[in-house]
Amino acid sequence: MPNVSQHLSKAAHNENFALTFWPAFPQYADWAVTAYFYAAVHLVEACFATIGIHSANHQQRNREVALRLSTVAVHYMNLYRASRRARYDVTPLTPTQTHRLVTHHFQRFKAYVISLLP
């Protein structure tokens, strides 16, 4: 099971990947949202690693986020839903939608979770 620093490293890796093409290439908003969501996943897992929890799948993680990170669960779930839409639906995300997901949901979620870490 990865530790806190390994999860934080992977979160930064995913966020840096998204930054290589968003917002410069808005046609790849689907990949940006997906990368930001997976950065959020690793932020969650870093937080959970501090209390010995590891999520086996998205459903379990979503439940734990709702229970343990209820203050910012709405931000996480918006990223989760947008990532699913980006991966499976053929309707593209607009630059405005993507900007809001990144600046409003991801950044707020990240700041809160980082504040909880030792």
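Aromatic rings of H104 and H75 (six-membered ring for Trp) have centroids within the 6.0 Å cut-off, being under it. With ring centers used as reference points, H58 lies under 6.0 Å from F37.
L43 is connected to L117 through a chain of hydrophobic side-chain contacts under 4.5 Å among Ile, Leu, Val, Met, Phe, Trp and Tyr, so both are in one cluster.
Taking CG of L79 as the start and CZ of R108 as the end, the distance is 12.0 Å to the nearest 0.5 Å.
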Show your reasoning for whether side chain to side chain contact (heavy atoms under 4.5 Å, CB included) applies to Y112 and L69. CA-CA 9 Å; Y112 182 81; L69 299 171; 4.3 Å; yes

Notebook entry, point to check: For F48 and E64, what are the C-alpha separation, side-chain angles and deciding distance, and is it a side chain to side chain contact (heavy atoms under 4.5 Å, CB included)?
Noted result: CA-CA 9 Å; F48 289 174; E64 292 294 331; 3.4 Å; yes

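Under the 3.5 Å distance criterion, the side-chain polar atoms of S9 are left unmatched by any main-chain donor or acceptor of Q6. Looking only at distances, a side-chain donor or acceptor of R87 sits under 3.5 Å from a matching main-chain atom of S83. Using a distance-only test at 3.5 Å, with no hydrogens or angles considered, no donor-acceptor pair links the side chain of S70 to the main chain of L67.
For the 3.5 Å distance criterion, the side chains of T94 and Q97 qualify, holding a donor opposite an acceptor. Remark: the T96 side chain and the R100 side chain contain no N/O donor-acceptor pair separated by less than 3.5 Å. A donor-acceptor contact under 3.5 angstrom links the side chains of E45 and S55, judged on distance only.
The number of heavy-atom neighbours closer than 6.0 Å to OH of Y38, taken from other residues, nucleotides and ligands shown, is above 12.
Side-chain contact between Y36 and N14: absent, with no pair of heavy atoms (C-beta onward) separated by less than 4.5 Å.
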